[in-house]
Amino acid sequence: MILGYGGMVSFGHAMFFGIGGYAVGILAHHGIASGWIQWPVGIAAAASWAAVIGALSLRTRGLYFIMITLAFAQLVYYLGAGLEAYGGDDGLNISRSRFITGLLDLRDKASFYWLCFALLCGTLWFCSRFANSRFGLVIRGAKSNDLRMTALGFPVFRYRLTAFVLSGAFGGLAGILLANEGAYISPAMMSWVKSGDLIVIVVLGGMGTLFGPLYGAIAFFALEESLPPLLDLGRKGWGEYWQIVFGPMLVLVALYAKGGIDSLFGPTSWLSRCSPPTA
C-alpha cells in the first residue's frame, strides 16, 4: 500500500507488528482475554502511532524518510525491551484471545487458520478496491509526481498520511495474529531485521501489484526453510549462512525482473497489476 503504490519506503514497519502484539499481550497479562477488546485496542494503537509517525516523517522524502521511520521503530523496540513487567528482552508468554460468542476459539489451530485465511482474502479485496479508487489513483500519481498532483488541487500530504495510517493498522492486525499464533510476544517481532524482511518480500513479489507481496511472502519463507537443508548437504553447518545465497538471488530479481515474481505469470499478471493513472 505505501511502498508499491505510494513509493514510501518505511524501514520500521515491523514496529506496528509489535504494537499490535504487545496490546494483546499486555491485556492478556492483566486478565483481559476477550478478542472483542484486544483486537480493536491493538489495531487502534497501531493506527494512532502510525498517525503520529506519519505526521512527522511524511514531511521528508527519500533517505530522510527511511531514517526517520527506522529511528521511531528503534524507539519502540527499546521501549518494549525495557518493559521488565512484561518480560523485557525475554518476551512474555500469553494466552490466546477468546471471543465472547464462543463461535471462534483461537486455541483451535484449524479455526485460527481459517480466520487468517479470511482476513487475508478481506485484505486483498480491500487493497484491490484501494488501488483502483480515486484515493488510490492520487497516491499512485503522487508517487510519480507529487508536485503535479498538488498543482491539480489534491492535498497530497493528507492522502499519504491516510494511506500510512491504514498501512499501520494492517500491521497492527498482523501483529495481533502473530501474537496469537505463537502465544508469545517479544521485542524481536519489531526489530529492524523484520522491517527489512517486509521490504524484501514486497520487492521479491513485485512492487505496485496486488498479489505480488503474497507471492513474495510464500517465496521468502519457502527459501528460508529449504535453503539451509540444501546447503547442509554440501557441508554441515553451511545452512545457517543461507542468506549468502538468498542475497544474490534478490539482487538478480531487482535488476532483471523488476516486476518480481508477479511478472513471471505473463498474460495472467493483469489480474494483480493495476494500470497506471492517466493524466
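We count residues from 1, following the sequence as given. Here the structure is a predicted model, which is why all the values come from computation and not from measurement.
Atom OH of Tyr215 and atom CG of Leu210 lie 8.5 Å apart (nearest 0.5 Å). Taken to the nearest 0.5 Å, the CD atom of Glu181 stands 8.0 Å off from the SG atom of Cys116. To the nearest 0.5 Å, atom CD1 of residue Ile53 and atom CG of residue Leu161 are 11.0 Å apart. Between Met207 atom CE and Leu3 atom CG the span is 5.5 Å, to the nearest 0.5 Å.
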Evaluation steps, ring pair (Phe, Tyr, Trp, His ring centres under 6.0 Å), between Tyr86 and His30 | CA-CA 10 Å; Tyr86 305 108; His30 292 285; 5.7 Å; yes
Test Leu120 against Leu214 for side chain to side chain contact (heavy atoms under 4.5 Å, CB included), laying out the working first.
-> CA-CA 9 Å; Leu120 171 63; Leu214 177 60; 4.1 Å; yes
Evaluate the side chain to side chain contact (heavy atoms under 4.5 Å, CB included) criterion for residues Trp39 and Leu177: first the C-alpha distance (whole Å), next the side-chain angles of each, then the deciding distance (0.1 Å), finally the verdict.
-> CA-CA 9 Å; Trp39 289 45; Leu177 294 174; 3.5 Å; yes
Check the pair Phe170, Phe126 against ring pair (Phe, Tyr, Trp, His ring centres under 6.0 Å), reporting the backbone distance first and the verdict last.
-> CA-CA 11 Å; Phe170 278 114; Phe126 178 87; 5.5 Å; yes
Pair Leu92-Tyr184, side chain to side chain contact (heavy atoms under 4.5 Å, CB included): steps then yes or no = CA-CA 6 Å; Leu92 178 67; Tyr184 175 77; 5.8 Å; no
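Scanning for ring pair (Phe, Tyr, Trp, His ring centres under 6.0 Å) contacts around Phe65 gives an empty result, with sequence neighbours left out.
Across Gly42 and Ile176, no two heavy atoms sit closer than the pair CA-CD1, 4.0 Å.
In Lys194, the NZ atom is not crowded: 12 or fewer heavy atoms of neighbouring residues, nucleotides or ligands sit closer than 6.0 Å. Counting non-hydrogen atoms of neighbouring residues, nucleotides and ligands closer than 6.0 angstrom, the CZ atom of Arg158 reaches no more than 12 such neighbours.
Relative orientation of the Phe117 and Trp114 rings is perpendicular, given thresholds of 30° and 60° on the angle between their planes.
For the residue pair Ser167/His13, the side-chain donor-acceptor check at 3.5 Å is satisfied.
Side-chain N or O atoms of Ser195 include one that pairs as donor or acceptor with a backbone N or O of Ala14 at under 3.5 Å. In this structure, Arg59 contributes its side chain and Ala55 its backbone to a donor-acceptor pair below 3.5 Å.
Side-chain contact check for Trp49 versus Val76: some heavy-atom pair is nearer than 4.5 Å.
The hydrophobic clustering, which links ILVMFWY residues whose side-chain heavy atoms are closer than 4.5 Å, places Leu70 and Tyr64 apart.
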